[in-house]
2 protein chains.
Amino acid sequence: MFHALADGTRRDIIVRTMQSELSVSALARSYPMSFAAVQKHVTVLERAELVTKRPKGREQLVSGNIQVVRDAFGLLDRLEVLWRSRMSQFGEVLADDPREGANE
Amino acid sequence: MFHALADGTRRDIIVRTMQSELSVSALARSYPMSFAAVQKHVTVLERAELVTKRPKGREQLVSGNIQVVRDAFGLLDRLEVLWRSRMSQFGEVLADDPREGANE
DNA sequence: CTATTCTACAACCATATGGTTGTAGAACTA
DNA sequence: TAGTTCTACAACCATATGGTTGTAGAATAG
């Protein structure tokens with residue numbers, strides 16, 4: 001699933017389909033590559049369950065799936081916890097986590 | 001950088017080195033592959049700045065770097081925000097974010 | 001009905017990836 | 001000094017990856 005996130009085009013597809021449903025061909029028009037290439041990217045994202053497809057007439061509407069993204073937070077959060085426990089062995093956390101408190 | 005996270009061995013190396021500094025050869029003993037293979041994984045992680053290496057005598061001590069992990073949160077958080085804005089167009093957020101509130 | 005659009009999928013290609021073995025040097029150990 | 005350990009790096013290999021073009025069918029438009 002991190003593999004699915006490891007490509008710029010795919011990350012962009014996720015960003016766009018997280019905002020609104022888009023057909024595969026609509027997506028394909030946005031990128032400097034063939035329809036088939038974009039189709040493959042969507043397939044990779046679909047297998048990773050980062051997006052879902054819904055047929056509508058002859059189109060397939062692609063929609064971002066937030067659930068698996070949240071799973072990714074899990075791994076990252078785990079790393080954060082491990083790092084903090086290591087830091088606490090030295091009795092000091094040098095850098096505060098910029099995520100906490102502020103909205104950005 | 002998601003590419004660096006896209007391999008199970010590398011994710012494990014991150015997890016282990018986030019807890020404590022480990023030499024490349026110490027890491028290599030943990031995996032069913034050659035020293036050179038583990039060495040390559042460490043190099044990939046180093047280029048992505050997910051770990052740092054510190055020489056100590058003839059050893060290279062590998063240490064997880066939390067900063068870039070936090071950068072990954074950035075992308076994920078952005079996706080979360082986009083998804084929420086889409087959901088709000090329908091006036092309802094069906095699933096609450098399990099991250100908020102609870103510690104796990 | 002005909003033409004167009006959208007999708008699916010196969011075949012193919014160049015390059016990247018993850019693994020291997022082998023060589024060599026630097027740093028410890030005995 | 002001699003042997004061992006740790007690292008670096010080159011060369012090589014099989015397979016995965018990201019792209020292409022081409023074919024074909026289903027749905028829509030005219």
Side-chain angles (χ1 to χ4, degrees), chain A residues 1-65 68-69 72 75 79, chain B residues 1-65 68-69 72 75 79:
Chain A
M1 167 225 152
F2 283 103
H3 160 253
L5 287 170
D7 178 275
T9 301
R10 286 200 289 268
R11 283 196 299 276
D12 196 70
I13 290 175
I14 296 176
V15 166
R16 309 225 3 240
T17 59
M18 208 56 89
Q19 300 174 73
S20 60
E21 280 190 321
L22 291 169
S23 70
V24 180
S25 53
L27 282 168
R29 280 179 227 116
S30 306
Y31 306 104
M33 66 187 71
S34 67
F35 171 83
V38 173
Q39 208 180 19
K40 280 192 189 179
H41 282 308
V42 170
T43 300
V44 169
L45 290 171
E46 205 184 359
R47 276 201 316 241
E49 294 180 275
L50 282 161
V51 304
T52 56
K53 274 197 309 193
R54 177 173 74 87
K56 183 187 179 186
R58 67 185 159 191
E59 293 183 325
Q60 290 279 350
L61 298 183
V62 182
S63 178
N65 174 19
V68 177
V69 171
L75 189 260
L79 294 176
Chain B
M1 168 225 147
F2 282 104
H3 160 253
L5 287 170
D7 179 275
T9 301
R10 286 200 290 267
R11 283 196 300 276
D12 197 69
I13 289 175
I14 295 175
V15 166
R16 308 228 1 240
T17 59
M18 207 57 88
Q19 300 173 74
S20 60
E21 280 189 320
L22 291 169
S23 70
V24 179
S25 53
L27 282 169
R29 281 179 227 115
S30 305
Y31 306 104
M33 66 186 72
S34 67
F35 171 83
V38 174
Q39 206 180 19
K40 280 192 189 180
H41 282 308
V42 171
T43 300
V44 170
L45 290 170
E46 205 183 0
R47 276 199 318 239
E49 296 181 273
L50 281 161
V51 304
T52 56
K53 274 197 306 194
R54 176 173 73 86
K56 183 186 179 187
R58 67 185 158 187
E59 293 183 326
Q60 289 279 351
L61 297 183
V62 181
S63 179
N65 173 19
V68 178
V69 170
L75 189 261
L79 294 177

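Convention: sequence-line order gives letters A, B, ...; per-chain numbering from 1.
Under 4.0 angstrom from either OP1 or OP2 of C:dT17 there lies no side-chain N or O belonging to A:His3.
Distance B:Leu5 CG to C:dG18 C1': 17 Å, rounded to the nearest Å. In this structure, CD of A:Gln60 is placed 11 Å from C1' of D:dA26, rounded to the nearest angstrom. Across the protein-nucleic acid pair, A:Gln39 atom CD and C:dA8 atom C1' stand 6 Å apart, rounded to whole Å.
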Report each atom pair, protein N/O against N/O of nucleotides 11-13 of chain C, whose distance is under 3.5 angstrom.
none

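Here A:Met33 contributes atom CE and A:Lys40 contributes atom NZ; the two are 11.5 Å apart, rounded to the nearest 0.5 Å. For the atom pair CG (A:Leu61) and NZ (A:Lys53), the distance works out to 10.5 Å, reported to the nearest 0.5 Å. A distance of 8.0 Å separates CE in B:Met18 from OG in B:Ser63, rounded to the nearest 0.5 Å.
Nearest heavy atom pair, residue A:Ala72 against residue A:Met1, reads CB-CE, 3.2 Å. B:Leu79 and A:Val69 make their closest contact through CD1-CG2, 3.9 Å (heavy atoms, listed as atom of the first residue, atom of the second, distance). In this structure, B:Ala26 and B:Ser23 approach most closely via the heavy-atom pair N-OG, 3.0 Å. Across all their heavy atoms, A:Val24 and A:Val38 have their closest contact at O-CG1, 4.3 Å.
Residues of residues 17-31 of chain A having a heavy atom closer than 4.0 Å to DNA chain D: none are found. For the contact set between residues 41-51 of chain A and DNA chain D, defined by any heavy atom under 4.0 Å, the members are A:His41.
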Report task. With side-chain contact (heavy atoms from CB on, under 4.5 Å) as the test, would you mind laying out the steps for B:Leu27 and B:Thr17 before giving the verdict? Result -> CA-CA 9 Å; B:Leu27 282 169; B:Thr17 59; 4.0 Å; yes
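Remark: the backbone N or O of B:Glu49 is paired with a side-chain donor or acceptor of B:Asn65 at under 3.5 angstrom.
Applying the side chain to side chain donor-acceptor pair (under 3.5 Å) test to B:Glu21 and every residue at least two apart in sequence or in another chain returns B:Arg54.
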Query raised in the report: How would nucleotides 21-30 of chain C be written as a contact map, 5' to 3', with B for base contact, S for sugar-phosphate-only contact and - for no contact, using protein heavy atoms under 4.0 Å?
Result: B-----BB--
Only distances under 3.5 Å count here; give the side-chain donor-acceptor pairs of residues 4-16 of chain B to other protein atoms, sequence neighbours excluded, each with its distance to 0.1 Å.
{"residue": "B:Asp7", "atom": "OD1", "partner": "B:Thr9", "partner atom": "N", "Å": "2.9"}
{"residue": "B:Asp7", "atom": "OD1", "partner": "B:Arg10", "partner atom": "N", "Å": "3.1"}
{"residue": "B:Arg10", "atom": "NE", "partner": "B:Ala4", "partner atom": "O", "Å": "2.9"}
{"residue": "B:Arg10", "atom": "NH1", "partner": "B:His41", "partner atom": "ND1", "Å": "3.1"}
{"residue": "B:Arg10", "atom": "NH2", "partner": "B:His3", "partner atom": "O", "Å": "3.2"}
{"residue": "B:Arg11", "atom": "NH1", "partner": "B:Leu5", "partner atom": "O", "Å": "2.7"}
{"residue": "B:Asp12", "atom": "OD2", "partner": "B:Tyr31", "partner atom": "OH", "Å": "2.6"}
{"residue": "B:Arg16", "atom": "NH1", "partner": "B:Ser30", "partner atom": "OG", "Å": "2.5"}

